[in-house]
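Throughout, protein chains are lettered first and strands after them, A, B, ... in sequence-line order, and every chain is numbered starting at 1.
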There are 2 protein chains.
Amino acid sequence: MKLGDGVEQAVHSVTMLAVLPEGGLLSAAALAEFHGVSPSYLLKHLQALSAANLLATVPGPKGGYRLARPAEDITLLDIVLAVEGPEPAFRCKEIRQKGPNPLPKSAFQRPCQINAAMLRAERAYRAELRAVTVAQLVREVEEADHDGAIARRGCAFLDANIRHTPTSR
Amino acid sequence: MKLGDGVEQAVHSVTMLAVLPEGGLLSAAALAEFHGVSPSYLLKHLQALSAANLLATVPGPKGGYRLARPAEDITLLDIVLAVEGPEPAFRCKEIRQKGPNPLPKSAFQRPCQINAAMLRAERAYRAELRAVTVAQLVREVEEADHDGAIARRGCAFLDANIRHTPTSR
DNA sequence: GGGTCCTTACTCGGATATATCATGTCCGAGTTTTTGAGG
DNA sequence: CCTCAAAAACTCGGACATGATATATCCGAGTAAGGACCC
């Protein structure tokens, strides 16, 4: 039961991208610098988010990442699944069928109840993550920062590093 | 987001110990053979369960494992935490505090909202596991095996391998 | 025959190698910008 | 001065080392059972 550190980086990065004004962009290098993490490693996870159609990329100089859809339509679950993979944490190896005197497969048509219980728990976990949108997360973070110090630092960094989608011509 | 295979082995082993008659014992070797897994590896997890006071051990020849308390008082959560460790899956590294222009620690007195959301989900996960007792699991497994083939195989194996707690004198 | 002691064999417990996956890094393909020349 | 084209630089994307953790294993300490011996 362990989540990789990449999940935290991914969520923070998506949250930061969510506060950009319309058409704003940030490069992977800027996101990595702001969070103090390895650029190459963060890039790996940003690519996973991009492959999952959560982020859109703009190539070339002055390029970068932006959200692929409104922050209201991106949930924490989307991010976690994109980074960690869609497989459930508990994978039943069906060891009840192993051992001596193996019974015919027909005896195990009913699903393993242990597996079922574990998956029920995981379903609850995912439901809780699905209920939290990135937009909601941004509101909570802003409310918790009531003296505005964190927001000021973020804005200063954005002013120095923000980019814009090329004007379509 | 991945659980080790030891969890499945541990749950199956505890479930098997739960169907023993009063005072019954099973050795780690017998449990490993029945489930078709590495004895040494299963032993490792049984020791973890023993350290968590879920299982009691009887040393010496004709020794083995038994439940340390009634099956109604052992939950899936107990087993998972004993095997995987008590730390939550998501561990906030506080990367919001890192990066350039680090703010004073006083600015981050409020907990990280992202961490809070992840922990909420994990709390739901654990609550679901805590709601399932081993006794309940045994009932479900028995109900799912309506033609009795699985139970017969289990009983045959038990008759050949069961032991008993030494009569206290 | 009964009791006591000793040997023995089996158990769990912890320390030790190996495999696998997450972490961290690198180089290459692609695209936009920029810059220069030409008209 | 404007247009066009070519080169360059910066971006993301995927393939490649490294380290930590889970997996698998082995050997040692401890204990109850079984047997032999003595009373």
Side-chain angles (χ1 to χ4, degrees), chain A residues 1-10 13 17 25-33 35-52 55-66 68 80 83-85 87 89-91 93 95 161 163-169, chain B residues 1-10 13 17 25-33 35-52 55-66 68 80 83-85 87 89-91 93 95 161 163-169:
Chain A
M1 190 66 180
K2 229 188 60 179
L3 262 68
D5 297 352
V7 175
E8 183 180 9
Q9 302 179 12
S13 296
L17 291 176
L25 287 178
L26 277 180
S27 73
L31 285 167
E33 182 194 356
H35 293 114
V37 298
S38 163
S40 312
Y41 189 44
L42 178 61
L43 189 54
K44 183 190 191 81
H45 297 303
L46 292 177
Q47 287 170 15
L49 294 172
S50 179
L55 299 184
T57 66
V58 172
K62 303 289 181 183
Y65 286 95
R66 64 178 174 79
V80 171
V83 173
E84 290 284 319
E87 309 90 36
F90 183 85
R91 285 140 312 169
K93 293 284 199 316
I95 64 175
N161 294 93
R163 302 173 180 180
H164 299 278
T165 60
T167 59
S168 59
R169 26 180 146 163
Chain B
M1 190 66 182
K2 229 189 60 178
L3 262 68
D5 297 353
V7 174
E8 183 180 9
Q9 301 180 12
S13 297
L17 291 175
L25 286 179
L26 277 180
S27 72
L31 286 168
E33 182 194 356
H35 292 114
V37 299
S38 162
S40 312
Y41 188 44
L42 176 62
L43 190 54
K44 182 192 191 79
H45 297 303
L46 292 177
Q47 288 171 15
L49 294 172
S50 179
L55 298 184
T57 67
V58 172
K62 304 287 181 183
Y65 287 95
R66 63 177 174 82
V80 171
V83 174
E84 289 285 320
E87 308 91 35
F90 183 84
R91 286 139 313 169
K93 293 285 199 318
I95 65 174
N161 295 92
R163 303 173 179 180
H164 299 277
T165 58
T167 58
S168 60
R169 25 178 144 160

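Atom CG in A:Leu46 sits about 14 Å away from atom C1' in D:dG14, given to the nearest Å. At whole-Å resolution of the value, CG in A:Leu42 and P in D:dG13 are 12 Å apart.
Judged purely by atom type and a 3.5 angstrom limit, A:Ser50 has no side-chain atom pairing as donor or acceptor with the backbone of A:Leu46. Formation of a donor-acceptor pair under 3.5 Å by the A:Glu84 side chain with backbone atoms of A:Leu3 is not found in this model. Side-chain atoms of A:Arg163 never come within 3.5 Å of backbone atoms of A:Leu25 as a donor-acceptor pair (strictly under, hydrogens ignored).
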Atom pairs, N/O to N/O, protein against nucleotides 21-23 of chain C, distance under 3.5 Å?
{"unit_1": "C:dT23", "atom_1": "OP1", "unit_2": "A:Asp5", "atom_2": "N", "d": "2.8"}
{"unit_1": "C:dT23", "atom_1": "OP2", "unit_2": "A:Tyr41", "atom_2": "OH", "d": "2.6"}
{"unit_1": "C:dT23", "atom_1": "O5'", "unit_2": "A:Tyr41", "atom_2": "OH", "d": "2.8"}

*Test log, rule side chain to side chain contact (heavy atoms under 4.5 Å, CB included), inputs A:Leu55 and A:Arg66*: CA-CA 6 Å; A:Leu55 299 184; A:Arg66 64 178 174 79; over 6 Å; no
*Can you check side chain to side chain contact (heavy atoms under 4.5 Å, CB included) on B:Asn161 and B:Ser27, steps first, answer last?*
CA-CA 8 Å; B:Asn161 295 92; B:Ser27 72; over 6 Å; no
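Annotation: side chain to side chain donor-acceptor pair (under 3.5 Å) contacts of B:Lys2 (sequence neighbours excluded): none. With sequence neighbours excluded, no residue satisfies side chain to side chain donor-acceptor pair (under 3.5 Å) with A:Lys44. Partners of A:Ser40 under the side-chain contact (heavy atoms from CB on, under 4.5 Å) rule, at least two apart in sequence or in another chain, are A:Ser38.
Rounded to the nearest 0.5 Å, atoms CG (A:Leu31) and NE2 (A:His45) are 13.5 Å apart.
Taking the C1' atoms of five terminal pairs at each end of the helix from C:dG1-D:dC39 to C:dG39-D:dC1, the two resulting helix axes are inclined by 0°, rounded to 10°.
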*How does protein reach along nucleotides 6-12 of chain C, written 5' to 3' as B (base within reach of a heavy atom under 4.0 Å), S (only sugar-phosphate), or - (no contact)?*
---BBSS
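Residues A:Phe90 and B:Val7 meet the side-chain proximity criterion, which asks for heavy atoms closer than 4.5 Å.
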